[in-house]
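The basis for the numbers below is simple: all heavy atoms, side chains too, and nothing from hydrogens, waters or symmetry mates.
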Amino acid sequence: MANLWRLIQAVVDDSEPELEALGLSAKAFFLLEAVGEHPFPAVLARRMHLPPPTVTYLVKQLEERGFLVRQPEPGDLRKFRLVQTEAGREALRRGQEALSLALGKRLGRLRRGEVGAFDRMVGRLAGNGEAPEA
């Protein structure tokens, strides 16, 4: 687990200059990405394991940069959903490219067969596949 965490941190650190050039911190990038699946701030806070005030702060930053907008939730005037703007989707695309490039450099340390095996194993451990039969 510690090695996976170090790998994630290294990839984020390596891509940080590109994210910052887009006007995004790493947390803001991942929150913007998560909005696609979880458009409500309270759910974002739970899913991202962040305190609600941190999510509020990040949402305000993303709104100021034009990456997110709030839309009223039909049937519940107390709630609003977050929606990525075109600028937000473009920032995500460019941020994902930066992270992919940084990860690709790290994966370049592996042999070709190891990269595929690593991807399959991580996917299975993350719940994206069934356990192999014994």
Following the transitive rule for hydrophobic clusters with a side-chain heavy-atom cut-off under 4.5 Å over Ile, Leu, Val, Met, Phe, Trp and Tyr, establish whether [X] and [Y] coincide in one cluster.
X: V69; Y: L24; answer: no
X: V11; Y: M121; answer: no
X: L92; Y: L101; answer: no

Calculate, to the nearest 0.5 Å, the distance between atoms [atom1] and [atom2] belonging to [X] and [Y] respectively.
X: L4; Y: Q9; atom1: CG; atom2: CD; result: 12.0 Å
X: E37; Y: L44; atom1: CD; atom2: CG; result: 10.5 Å
X: S25; Y: L58; atom1: OG; atom2: CG; result: 5.5 Å
X: M1; Y: L125; atom1: CE; atom2: CG; result: 10.0 Å
X: E20; Y: L22; atom1: CD; atom2: CG; result: 10.0 Å
X: L31; Y: H38; atom1: CG; atom2: NE2; result: 10.5 Å

Can you see which heavy atom on [X] is nearest to which on [Y], and at what distance?
X: A87; Y: G66; result: CB-O, 3.7 Å
X: F67; Y: G23; result: CE1-O, 4.4 Å
X: L19; Y: A26; result: CD1-CA, 4.2 Å
X: A28; Y: L62; result: O-CD1, 3.8 Å

> For the side chain of Q84 and the backbone of L32, is there at least one donor-acceptor N/O pair under 3.5 Å apart?
Replying inline: yes

>> The test is side chain to side chain contact (heavy atoms under 4.5 Å, CB included); show your working for V83 and L68 and say whether it passes.
In response: CA-CA 6 Å; V83 177; L68 281 181; over 6 Å; no

Decide yes or no for [X] and [Y]: does some side-chain heavy atom of the first lie under 4.5 Å from some side-chain heavy atom of the second?
X: N3; Y: R6; value: yes
X: D14; Y: R106; value: yes
X: F29; Y: V12; value: no
X: F40; Y: E73; value: yes

> So does R93 pair up with E90, basic N to acidic O under 4.0 Å?
Replying inline: yes

> Does a salt bridge link E63 with K60, judged by any charged N lying under 4.0 Å from a carboxylate O?
Replying inline: no

>> I'd like to know if the side chain of Q96 pairs up with that of E33 as donor and acceptor (distance under 3.5 Å, no hydrogens or angles considered).
In response: yes

>> Taking side chain to side chain contact (heavy atoms under 4.5 Å, CB included) as the criterion, tell me which of V43, L50, L82 meets it with V55.
In response: L50

>> Counting only heavy atoms not in R47 (residues, nucleotides, ligands), do more than 12 fall under 6.0 Å from its CZ?
In response: no

>> Using the rule given for salt bridge (charged side-chain N to carboxylate O under 4.0 Å, His left out), can you reason through R94 versus E97, listing the C-alpha separation, both sets of side-chain angles and the distance that settles it, and then say yes or no?
In response: CA-CA 5 Å; R94 292 175 59 197; E97 285 177 0; 6.0 Å; no

